[in-house]
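Below is one structure, written out as structure tokens; the observations come after it.
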Amino acid sequence: DGIDLYFRNKNQADRIQTFVSSALPVKISTSKKVVGRDVRSNENRTEFVSSIEVAPYCRGDLVVESNRLMLVDRLTSSLKLVDPCTGETCERGTNRLFSKKHSPVRVLTAGPQLVTFLVMDVDVDVDVDEVRGGVAVASVDAGAVSGGASGIVATATVVRESDFGSNDNSFQVRTHLGGILQPGDTALGYDMAHVVHSSALESLVGPLVENSQDIILVRKTYPDALKN
């Protein structure tokens with residue numbers, strides 16, 4: 001599986017390889033072989049092959065890392081994770097992601113299972129105006145929180161968009177989006193009661209899912225007019 005790309009010279013391939021490895025966590029293996037000989041110059045013709053394996057993660061994936069449920073916050077040359085309830089962050093480099101010595105970062109669920117929620121109220125743990133230089137520090141159960149406005153912890157009251165106006169079901173959830181959520185906003189999140197995951201992960205994630213909060217918010221959504 002994958003895409004095969006062919007280049008006339010090695011420099012072109014090296015540029016593509018450098019670009020991909022700077023944008024995504026990847027594992028690269030290289031090889032070369034002699035495929036012929038130029039009788040005029042009396043030089044071997046060498047074929048260089050680079051295999052690029054991309055780590056199987058997307059932004060917003062809910063993953064299991066170190067026996068915790070975390071969200072994929074960003075993808076660069078490494079994997080940046082955030083705890084959706086405490087705002088704690090960690091980073092996993094390619095050596096860790098592709099190492100057989102460490103437990104893999106397993107994907108529990110991904111984007112297609114996201115549900116839209118309406119934000120009814122937000123109680124922020126720290127005054128957003130106190131954020132300086134894009135870093136906020138607050139005292140929460142799990143320790144210090146570092147990050148920008150989207151790393152500020154809050155308690156939010158949300159309802160499913162599909163339930164709004166038809167019933168009074170609401171949820172109080174802890175979220176790392178306290179710095180950007182306001183009453184009236186919409187956000188995408190995982191409804192843990194309806195998350196479908198592989199049966200192979202049941203023994204690993206079953207207790208984590210049972211003990212998690214009902215809703216895990218992933219990101220704020222914006223009106224189409226603002227996107228344009």
Problem - Validation row: Glu65, Arg68 side chains within 4.5 angstrom (heavy atoms) - result: no
Handout entry: Closest heavy-atom pair and its distance - Val107, Pro56
Key = CG2-O, 3.8 Å
Exercise for the section: Decide whether Phe98 and Val105 are clustered together by the hydrophobic rule: side chain heavy atoms of Ile, Leu, Val, Met, Phe, Trp, Tyr closer than 4.5 Å, transitively. Expected result: yes
Handout entry: Shortest non-hydrogen separation from Leu177 to Lys220 and the atoms involved
Key = CD1-N, 4.0 Å
Problem - Note: Asp83-Arg174 ion pair, threshold 4.0 Å (strictly below) - result: no
Problem - Distance, nearest 0.5 Å, that separates CG of Asp61 from CG of Leu108 - result: 10.0 Å
Exercise for the section: First locate atom CZ of Phe7, then atom OG of Ser50, and finally report the distance between them rounded to the nearest 0.5 Å. Expected result: 9.5 Å
Exercise for the section: Please report the shortest heavy-atom distance between Arg92 and Ser78, naming the atom on each side. Expected result: O-CB, 3.4 Å
Exercise for the section: Look up atom CG in Asn11 and atom CD1 in Ile16, then write down how far apart they are to the nearest 0.5 Å. Expected result: 12.5 Å
Handout entry: Shortest non-hydrogen contact between Leu208 and Asn67, atoms and distance
Key = CD2-O, 3.4 Å
Exercise for the section: Taking the side chain as every heavy atom from C-beta outward, state whether Phe117 and Val173 have any pair of such atoms under 4.5 Å apart. Expected result: no
Exercise for the section: Indicate yes or no: at least one non-hydrogen side-chain atom of Thr157 is less than 4.5 angstrom from one of Phe171. Expected result: no
Practice task
For the residue pair Thr116 and Thr186, confirm or rule out a side-chain donor-acceptor distance under 3.5 Å.
Solution key: no
Practice task
Would you check if the side chain of Tyr57 reaches a backbone N or O of Pro25 as a donor-acceptor pair within less than 3.5 Å?
Solution key: no
Exercise for the section: For Arg37, look at atom CZ and say whether over 12 heavy atoms of other residues, nucleotides or ligands are found less than 6.0 Å away. Expected result: yes
Problem - Lys27 and Ser29 side chains, donor-acceptor separation under 3.5 Å - result: no
Exercise for the section: Kindly indicate, with the supporting measurements, whether the criterion side chain to side chain contact (heavy atoms under 4.5 Å, CB included) is fulfilled by Leu71 and His176. Expected result: CA-CA 10 Å; Leu71 291 171; His176 65 299; 3.7 Å; yes
Problem - Separation of Asn167 CG from Arg160 CZ (nearest 0.5 Å) - result: 8.0 Å
Handout entry: Residues that, via side-chain heavy atoms closer than 4.5 angstrom, fall in one hydrophobic cluster with Phe164
Key = Leu118, Met120, Val159
Problem - Distance, nearest 0.5 Å, that separates CG of Asp123 from CG of Asp121 - result: 7.0 Å
Problem - For Gly178 against Val124, the heavy-atom pair lying closest together - result: O-CG2, 3.5 Å
Handout entry: Closest heavy-atom pair and its distance - Gly60, Val218
Key = CA-CG1, 3.8 Å
Problem - pair Thr175-Val153: side-chain heavy atoms closer than 4.5 Å - result: no
Exercise for the section: Could you grab the distance from atom OG1 of Thr46 to atom NZ of Lys33, nearest 0.5 Å is fine? Expected result: 11.5 Å
Handout entry: Side-chain heavy-atom pair Val63, Leu81 within 4.5 angstrom cut-off
Key = yes
Handout entry: Side-chain heavy-atom pair Leu69, Met192 within 4.5 angstrom cut-off
Key = yes
Problem - side chain to side chain contact (heavy atoms under 4.5 Å, CB included) assessment of Val26 paired with Gln17 - result: CA-CA 10 Å; Val26 298; Gln17 180 176 300; over 6 Å; no
Problem - Transitive ILVMFWY side-chain link Phe19 to Leu5, under 4.5 Å - result: yes
Problem - Check: Pro84 and Leu217 side chains under 4.5 Å, non-hydrogen atoms - result: no
Problem - Derivation of the side chain to side chain contact (heavy atoms under 4.5 Å, CB included) call for Asp191 and Ile215 - result: CA-CA 5 Å; Asp191 186 342; Ile215 307 298; 3.9 Å; yes
Exercise for the section: Look at the side-chain heavy atoms of Ile, Leu, Val, Met, Phe, Trp and Tyr, link any pair under 4.5 Å apart, and say whether Tyr6 and Ile3 land in one connected group. Expected result: no
